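Nothing here was measured: the structure is a model prediction, and the numbers come from that model.
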Amino acid sequence: MRKISCVVLCFCLIIMSFCNVFAEGENGPEIRATSAILLHEGSGRVFYEKNADAKMYPASTTKIMTALLAVENLDMQAVLTASETAIDIERDGSNIGILSGEEMTVEQYLYALLVASANDAANVLAEAVAGDIPSFVEKMNARAAELGMTGTHFMNAHGYHNENHYTTARDLAKLSTQVMEHDLIRQIVSTALYEIPPTNKYKETRVLSNSNSMVNPYRNHRYVYDGAAGIKTGHTSDAGACLVSYAQRDGVGLFSVVLNAPVEYDGNYSFLDTIALFNHGFNDFSLKTISDINEIVSVREAKWAKGDGQVVLSAKEPMEVLLPKQYDQEKLTKEVFVEEYLEAPVKKGDVLGRLVYFYDGEEVGNVDLIAQKDVEKSTAKMVFSTLWSWIFNAWVITPLAIIVAFLLLRRYAEAKKERKERERRRNEARRNFYR
């Protein structure tokens with residue numbers, strides 16, 4: 001009886017496993033975090049989302065904005081001196097024990113900020129950018145507005161919990177795509193260990209260990225992910241476990257955000273959920289070349305052009321987009337947008353339009369359309385066209401029409417007068433005959 005029960009149980013588990021795999025392939029992975037999003041670096045296309053616009057607490061993922069403002073406004077080799085106000089932080093928050101008057105470069109403070117998630121480093125950078133913390137927070141919110149982070153409001157530079165300090169998964173994804181355009185940030189967030197040499201306040205070298213286990217095998221090798229390159233962890237009791245991540249494989253870059261993930265006996269789901277999202281992106285989608293530079297996309301007429309006047313348009317560069325590995329060709333459509341008015345001369349390589357591809361109604365990629373060859377201008381055509389247009393211009397044709405009408409009326413009146421005169425003469429001739 002036990003053997004039969006075990007067989008039945010195993011069979012059920014196999015069926016459940018099969019169903020789960022099938023469900024993942026159709027709808028994406030099962031995510032334990034309250035909010036999540038996965039998007040493609042190149043196109044910004046979203047491959048998965050769950051409550052992506054829900055108001056959430058960001059915890060230390062806030063430091064991504066702090067880092068962005070620092071790289072945009074400071075010299076990386078400038079030396080900053082920590083103030084008393086900068087190191088006045090809640091001691092239950094993460095820090096590296098920066099001392100008042102301690103001197104380090106902006107770059108070193110950035111490593112402390114993003115590798116060790118140091119709240120004290122966040123404040124030092126904030127004061128360097130804006131003079132004081134409140135002014136820096138204003139800059140944070142202004143920059144968020146510029147990036148279209150409509151669901152975000154910051155209250156501090158480090159993410160320590162505040163009821164009015166919140167964001168969304170979608171907003172953090174927007175922020176991440178912006179910050180990862182900076183090579184130094186990419187380098188910092190993918191660093192496992194970093195050493196700060198002795199300073200004017202510390203005699204010993206400080207070794208910083210990245211809080212992101214996906215790039216740091218010394219934290220927890222279980223979560224190390226091939227291709228991961230950052231970005232930032234976060235955790236408070238109110239925010240739960242948060243993780244903003246980036247990974248790249250075979251030229252494909254993906255951004256992932258998970259917020260308020262549980263940390264349980266079987267693991268930290270900020271990492272487990274992120275790994276599941278990345279696997280979904282890399283395993284279920286692949287790059288497809290859907291546009292070639294030799295393909296003629298459109299042929300248009302150019303005004304005043306020599307010869308046939310045809311402008312041949314093709315893609316400026318081959319276009320690769322991420323599509324489901326088993327995609328439906330009928331769902332892949334395209335639209336061509338060309339300038340409404342084309343006029344010669346046209347030079348080979350001139351950008352004259354855009355080719356946009358859609359999959360299942362969603363834009364998946366676009367590329368510039370360029371002229372494949374020179375199209376010269378015909379002076380004769382231009383002169384003739386101009387003269388013809390001038391002749392039929394309303395300002396010209398209206399007076400001409402009036403003159404013609406006047407002449408026709410005048411001729412009609414003269415003809416009528418002549419008819420009357422002829423009739424008079426005939427009548428007079430008859431009268432003379434009968435006399």
(request) Rounded to the nearest 0.5 Å, what's the gap from OG1 on Thr236 to CG on Asp92? Could you check? (result) 10.0 Å

Would you say the side chains of [X] and [Y] form a donor-acceptor pair under 3.5 Å?
X	Y	result
Thr34	Asn51	no
Gln187	Tyr111	yes
Glu195	Thr205	no
Glu107	Tyr109	no
Asn268	Ser270	yes

Using modelled atom types only, decide if a donor and an acceptor are shared between the side chain of [X] and the backbone of [Y] within a distance under 3.5 Å.
X	Y	result
Arg206	Ile96	yes
Asp368	Val351	no
Tyr202	Pro197	no
Lys174	Gly148	yes
Asn210	Thr191	yes
Ser94	Ser117	yes
Lys325	Asn283	yes
Asp374	Lys348	yes
Lys50	Ile31	yes

(message) If the threshold is 4.0 Å, N to carboxylate O, is there a salt bridge linking Arg354 and Glu363?
(response) no

(request) Inspect the contact between Asp273 and Arg32 and indicate whether a charged nitrogen and a carboxylate oxygen are less than 4.0 angstrom apart. (result)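 No salt bridge links Arg32 with Asp273.
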
(request) Could you walk me through whether Tyr246 and Phe255 pass the ring-ring contact (aromatic ring centres under 6.0 Å, His included) test, one step at a time? (result) CA-CA 5 Å; Tyr246 173 79; Phe255 287 94; 4.9 Å; yes

(message) For a side chain to side chain contact (heavy atoms under 4.5 Å, CB included) check, start with the C-alpha distance between Tyr57 and Leu259, then their side-chain angles and the critical distance, and finish with the verdict.
(response) CA-CA 8 Å; Tyr57 297 123; Leu259 300 175; over 6 Å; no

(message) Tell me whether the rings of Tyr160 and His158 are parallel (<30°), tilted (30 to 60°) or perpendicular (>60°).
(response) perpendicular

(message) Going by side chain to side chain contact (heavy atoms under 4.5 Å, CB included), name the residues that satisfy it together with Asp183, two or more places apart in sequence or in a different chain.
(response)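 Applying side chain to side chain contact (heavy atoms under 4.5 Å, CB included) to Asp183 gives none.
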
(request) Please assess His280 against Phe47 for the test ring-ring contact (aromatic ring centres under 6.0 Å, His included), listing each intermediate value before the final yes or no. (result) CA-CA 9 Å; His280 172 57; Phe47 292 129; 7.4 Å; no

(message) Can you confirm whether more than 12 heavy atoms, excluding those of Tyr218, are under 6.0 Å from its OH atom?
(response) no

(request) For Lys288, look at atom NZ and say whether over 12 heavy atoms of other residues, nucleotides or ligands are found less than 6.0 Å away. (result) yes

(message) Do Lys232 and Ser211 have side chains that approach each other closer than 4.5 Å (heavy atoms only, starting at C-beta)?
(response)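 When only atoms from C-beta onward are counted, Ser211 and Lys232 do touch, with a gap below 4.5 Å.
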
(request) Decide yes or no for Asn216 and Ser209: does some side-chain heavy atom of the first lie under 4.5 Å from some side-chain heavy atom of the second? (result) yes

(request) Decide whether a cation-pi geometry holds between Arg222 and Phe271; the criteria are a distance under 6.0 Å from NZ or CZ to the six-membered ring centre and an angle within 45° of the ring axis. (result) no

